[in-house]
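One structure below.
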Amino acid sequence: MSSAVIQYTLPDLFSLCPFDYSKPSPYLQECSLESKVWVASFNVFNDKQNATLEKSQSGLLCALAYPYAEREGFRTTCDFVNLLFVLDHLSDDMDGKDAHGACEIFYRVMADPDFKHESILAKIILDFRQAILRSAKPQFFKHLLSNIRKYTKAVAEEAELREAGEVHDLINFVPLRRENSAVRCCFAFIEYNLGIELPDAIFDDPIFQSVYFAAVDMVCWTNDLLSYNVEQAMGHTSNNIVTILMQEKNASIQEAADCIGVVFEQLMTRFLKDKSRLPSWGADIDRDVALYVEALTRWVGGNLVWSFQCSRYFGTCQQCRPPHSVGDSVPQGY
């Protein structure tokens, strides 16, 4: 185990983020607790994994990312995000074959009402599926399933790469990270919580795609930067943009962090520019698109705040940490 501790300064991402993220959901406490009790009722985790899930404070993430959600929708969203954390934690310790099997169960239970499996994972997903179908609109559910399919394939690919000891180059990593991060699955819940159904033509529009993927990438790159210390301490470095930048550019941690700050600023500029030049699809659809894009800003800003307020990345002693701060690279195995 290396004992070296390297300090590096995080870019001030808050100064680059003009979005409003000041008011979390009023349902945070009650729905977060209910969702944790729901997950615990399936005994899917051991005590150590439960402690890790507790640190994630997924309810806080949901409260910041979906502050506009009604109570029922917010609770359902909390359950889904907890499901993502479940699969994420389980697949981290799986080889490629086992991860592929778990991911296939996740997708097939969600997509196929006739699919049966006796695993605990299948049971908790089925319970979620039955709950969400009571309120899900068809277009939302179609978009959700499409994104879950891409997500589960990407998680299985990530496990295969980890098992083989391989690391993608940047051009191949970015599209993989967009999917295995589950950010696109979470973005699908914007439609659900707003009660809207965007036509497929919207998601196919190149300007809308530019706005959409700028938001996806801002969340992914931010998450990888702020989670890097914890991930590398656990030996999970291959699925992180910091590792990719260090490898491809022969960069130090500090240089990689600085690069992410520059890219975040570029993505923000693109988001704001293309947001202002979205085409018109008629008054009703334009209104829904505007609501959706505004909700993307809540996700980008909310994810940033959550990263510093939860104990997942910086520990309980560093809540409300200043945005421009020094990170300590914890020795691997810590």
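The residues of the chain are indexed from 1 along the displayed sequence.
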Judged by modelled atom types alone, do [X] and [Y] share a side-chain donor-acceptor pair under 3.5 Å?
X: Gln139; Y: Asp200; answer: yes
X: Asn303; Y: Asn223; answer: no
X: Asn82; Y: Trp38; answer: no
X: Asp258; Y: Gln254; answer: yes

Please name all residues satisfying side-chain contact (heavy atoms from CB on, under 4.5 Å) with Lys23, sequence neighbours left out, ordered by chain then number.
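Partners of Lys23 under the side-chain contact (heavy atoms from CB on, under 4.5 Å) test: none.
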Over 12 non-hydrogen atoms of neighbours within 6.0 angstrom of [atom1] in [X]:
X: Glu72; atom1: CD; value: no
X: Lys153; atom1: NZ; value: no
X: Asp204; atom1: CG; value: yes

With [X], which residues qualify under salt bridge (Lys or Arg N to Asp or Glu O under 4.0 Å), at least two apart?
X: Asp95; value: none
X: Asp79; value: Arg75
X: Asp224; value: Arg177
X: Asp274; value: Arg277

Quick one, [X] and [Y] - any side-chain contact, counting heavy atoms below 4.5 Å?
X: Val300; Y: Phe271; answer: no
X: Gln29; Y: Leu33; answer: no
X: Leu225; Y: Pro11; answer: yes
X: Leu291; Y: Tyr68; answer: no

Taking Asn147's backbone N and O only, do any of them form a donor-acceptor pair with Arg184's side chain (distance below 3.5 Å, no angle check)?
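The answer is no, because no donor-acceptor pair under 3.5 Å joins these two groups.
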Geometric class of the His117/Phe115 ring pair [parallel <30°, tilted 30-60°, perpendicular >60°]:
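If you compare the ring of Phe115 with that of His117, the planes turn out parallel.
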Would you call the rings of Tyr27 and Phe74 parallel, tilted or perpendicular, taking 30° and 60° as the class edges?
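Judged by the thresholds at 30° and 60°, the geometry between Tyr27 and Phe74 is tilted.
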Could you report the tightest heavy-atom contact between [X] and [Y], atom names first, then the distance?
X: Leu245; Y: Ala251; value: O-CB, 4.0 Å
X: Ala102; Y: Leu87; value: CB-CD1, 4.1 Å
X: Pro67; Y: Arg298; value: CG-CD, 3.9 Å
X: Ala256; Y: Met246; value: CB-CG, 3.9 Å
X: Ser91; Y: Val155; value: OG-CG1, 3.7 Å

Determine which pairs satisfy ring-ring contact (aromatic ring centres under 6.0 Å, His included) with at least one residue from residues 146-205, sequence neighbours left out, and list them in order.
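Those involving residues 146-205 are Phe80-Phe189, Phe140-Phe189, Phe140-Tyr192, His143-Phe203, Phe187-Tyr212, Phe187-Trp299, Phe189-Tyr192, Phe203-Phe208, Phe203-Tyr292.
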